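Here the structure is laid out as structure tokens; the discussion comes afterwards.
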Amino acid sequence: MRVTRKIKEQQIAILEETYRDVKPALMFRNPFELLIAVILSAQCTDKRVNVTTARLFARASTPEAIVSMGLQDLEEEIRDCGLFRNKAKNIMASCQLLCEKYGGEVPEDFAELQKLPGVGRKTANVVMSVAFHHPAIAVDTHVFRVANRLKLAVGETPLEVERGLQKAIPKEKWSEAHHWLIWHGRRICKSRRPLCEECPLSEVCAGKEAGVS
DNA sequence: CTCCCGATAT
DNA sequence: ATATCAGGAG
């Protein structure tokens with residue numbers, strides 16, 4: 001299938017209609033909690049992250065409080081999210097930096113966010129979009145896979161796909177579109193066994209006839 | 001590219 | 001048993 005501009009618009013329209021009312025799956029009460037939750041979510045289900053953050057934030061919900069915990073305690077607290085040594089080290093270093101350089105507040109700036117240890121482009125985009133309501137498309141594993149399968153945006157790297165999605169989707173819908181693609185990836189267009197029979201986009205999908213990828 | 005890494009789905 | 005899960009750093 002040749003995916004024209006017209007077809008991309010149809011894909012976007014169906015995604016919007018189908019996932020109109022979805023909201024972020026990670027639980028948080030402020031930008032700082034979202035930042036920690038997103039760092040923890042690497043290679044981990046959001047469900048598991050929510051269990052862990054509920055417990056963690058009950059003990060410590062500010063950069064100052066987490067610094068006070070100490071590294072060993074933090075490692076134990078987040079162990080079941082996986083990659084816990086790296087995540088604990090990064091969270092601790094980020095909290096120290098937030099206290100020292102940012103007055104204990106999460107900076108509302110894409111470049112500044114990426115200076116925090118453990119915060120790359122994807123995490124910075126999520127914080128800008130979800131916490132601060134700036135237009136952004138965070139390309140995680142789901143968005144990357146779904147965009148490439150649909151050929152809504154094709155690319156070898158997350159950055160290439162991000163650029164492609166920005167071209168294909170009106171700016172005012174970037175942040176919502178990010179959530180549409182995530183939920184579609186979780187519910188239908190799953191990595192292992194995509195449910196093409198139940199997919200509302202099957203008629204406008206390039207990956208279906210190509211046998212996915 | 002490799003490593004980090006426990007929990008979960010299939 | 002194994003692929004995968006809201007990735008990032010070296």
Side-chain angles (χ1 to χ4, degrees), chain A residues 15 19 22-29 31-57 71-72 74-97 106 110-134 136-149 153 155-162 165 174-198 212-213:
Chain A
L15 285 168
Y19 301 103
V22 302
K23 49 184 177 130
L26 293 175
M27 300 191 299
F28 65 98
R29 292 173 294 187
F32 176 71
E33 290 193 355
L34 176 65
L35 174 67
I36 300 305
V38 178
I39 292 175
L40 287 174
S41 70
Q43 297 297 297
C44 180
T45 61
D46 55 325
K47 188 175 175 183
R48 173 55 50 191
V49 172
N50 286 335
V51 172
T52 299
T53 53
R55 193 176 62 225
L56 172 63
F57 295 152
L71 188 57
Q72 309 303 323
L74 182 58
E75 284 187 355
E76 289 309 310
E77 205 60 77
I78 69 171
R79 173 180 292 275
D80 43 1
C81 285
L83 308 180
F84 66 95
R85 273 182 270 269
N86 282 335
K87 289 176 182 175
K89 192 191 318 168
N90 288 147
I91 288 171
M92 188 58 71
S94 284
C95 286
Q96 288 172 346
L97 199 54
V106 177
F110 185 63
E112 293 300 316
L113 283 168
Q114 290 182 85
K115 292 180 181 174
L116 299 172
V119 179
R121 189 177 185 87
K122 178 259 171 179
T123 300
N125 266 324
V126 172
V127 172
M128 287 305 285
S129 172
V130 177
F132 296 125
H133 308 101
H134 289 261
I137 303 178
V139 178
D140 57 43
T141 178
H142 292 304
V143 175
F144 185 79
R145 178 182 69 254
V146 173
N148 268 306
R149 281 181 179 167
E156 298 288 325
T157 67
L159 181 57
E160 289 173 15
V161 170
E162 183 181 333
L165 288 173
W174 285 1
S175 293
E176 342 166 43
H178 158 70
H179 288 109
W180 304 338
L181 291 164
I182 291 218
W183 279 91
H184 188 60
R186 287 180 38 141
R187 305 267 306 249
I188 306 288
C189 198
K190 300 190 286 184
S191 177
R192 191 80 72 91
R193 191 174 71 85
L195 308 177
C196 298
E197 301 77 9
E198 306 175 26
V212 190
S213 63

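None of the values given here were measured: they were computed from a predicted structure. Order of the sequence lines fixes the chain letters, A, B, ..., with proteins taken first and strands second; residue numbering starts at 1 for each chain.
Counting to the nearest Å, the P atom of C:dA9 and the CG atom of A:Asn90 are 7 Å from each other. Taking atom CZ on A:Phe144 and atom C1' on C:dG8, their separation rounds to 16 Å, with Å as the unit. Nucleotide B:dC3 holds its P atom 15 Å from the NZ atom of A:Lys89, rounded to whole Å. Taking atom CG of residue A:Asn86 and atom P of nucleotide C:dC5, one finds them 19 Å apart after rounding to whole Å. At whole-Å resolution of the value, CD1 in A:Ile39 and P in B:dC4 are 20 Å apart. Distance A:Arg187 CZ to C:dC5 C1': 17 Å, rounded to the nearest Å. A straight line from CG of A:Asp140 to C1' of C:dC5 spans 10 Å, rounded to a whole angstrom. Taking atom CG of residue A:Leu40 and atom P of nucleotide B:dC5, one finds them 13 Å apart after rounding to whole Å.
C:dA1 and B:dC5 are spaced 24 Å apart, taking the P atom of each and rounding to whole Å. Here the separation of C:dG8 from B:dA7, taken at their P atoms, is 22 Å to the nearest Å.
Residue contacts shown for A:Ala25 include a base, since a base heavy atom lies under 4.0 Å away. Backbone-only contact: A:Val119 has heavy atoms under 4.0 Å from sugar-phosphate atoms and none from a base. Within 4.0 Å (heavy atoms only), A:Arg192 reaches at least one base atom of the nucleic acid. Residue A:Pro158 is classed as having no contact, given no heavy-atom separation below 4.0 Å to the nucleic acid.
For A:Arg187, the CZ atom sits in a loose shell: 12 or fewer heavy atoms of surrounding residues, nucleotides or ligands are nearer than 6.0 Å.
In terms of position along DNA chain C, the nucleotide closest to A:Cys44 lies nearer the 5' end than the nucleotide closest to the other residue of the pair A:Cys44 and A:Pro117. Take the nearest nucleotide of DNA chain C for A:Asp46 and for A:Gly118: the residue whose nucleotide is more 5' is A:Asp46.
Closest approach of A:Val161 to A:Ala147, counting heavy atoms only: CG1-CB, 3.7 Å. Among all heavy-atom pairs drawn from A:Arg149 and A:Lys190, the shortest one is NH1-O, 2.9 Å.
Between A:Arg85 and B:dC5 there is a side-chain N or O to OP1 or OP2 distance below 4.0 Å. An OP1 or OP2 oxygen of B:dT8 is reached within less than 4.0 angstrom by a side-chain nitrogen or oxygen of A:Arg48. Residue A:Thr45 places no side-chain N or O under 4.0 Å from the OP1 or OP2 atom of B:dA7. The side chain of A:Lys190 places an N or O atom within less than 4.0 Å of a non-bridging phosphate oxygen (OP1 or OP2) of B:dT10. Distances shorter than 4.0 Å separate some side-chain N or O of A:Thr123 from OP1 or OP2 on C:dG8.
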Exercise. Between A:Thr123 and A:Leu35, is a side chain to side chain contact (heavy atoms under 4.5 Å, CB included) present by the stated rule, with each step listed?
Worked result: CA-CA 8 Å; A:Thr123 300; A:Leu35 174 67; 4.2 Å; yes
For this session: Could you walk me through whether A:His184 and A:Tyr19 pass side-chain hydrogen bond (donor to acceptor under 3.5 Å, both in side chains), step by step?
Result: CA-CA 8 Å; A:His184 188 60; A:Tyr19 301 103; 2.7 Å; yes
For this session: Please report the C-alpha distance between A:Asn125 and A:Ile137 in whole Å, then the side-chain angles of each, then the deciding distance to 0.1 Å, and finally whether the side chain to side chain contact (heavy atoms under 4.5 Å, CB included) criterion is met.
Result: CA-CA 6 Å; A:Asn125 266 324; A:Ile137 303 178; over 6 Å; no
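Using modelled atom types, no side-chain atom of A:Lys122 and backbone atom of A:Thr141 make a donor-acceptor pair closer than 3.5 Å. Checking side-chain atoms of A:Lys115 against main-chain N and O of A:Leu97 turns up no donor-acceptor pair under 3.5 Å.
At a non-hydrogen distance threshold of 4.0 Å, A:Arg79, A:Asp80, A:Gly82, A:Leu83, A:Phe84 from residues 74-84 of chain A come into contact with DNA chain B.
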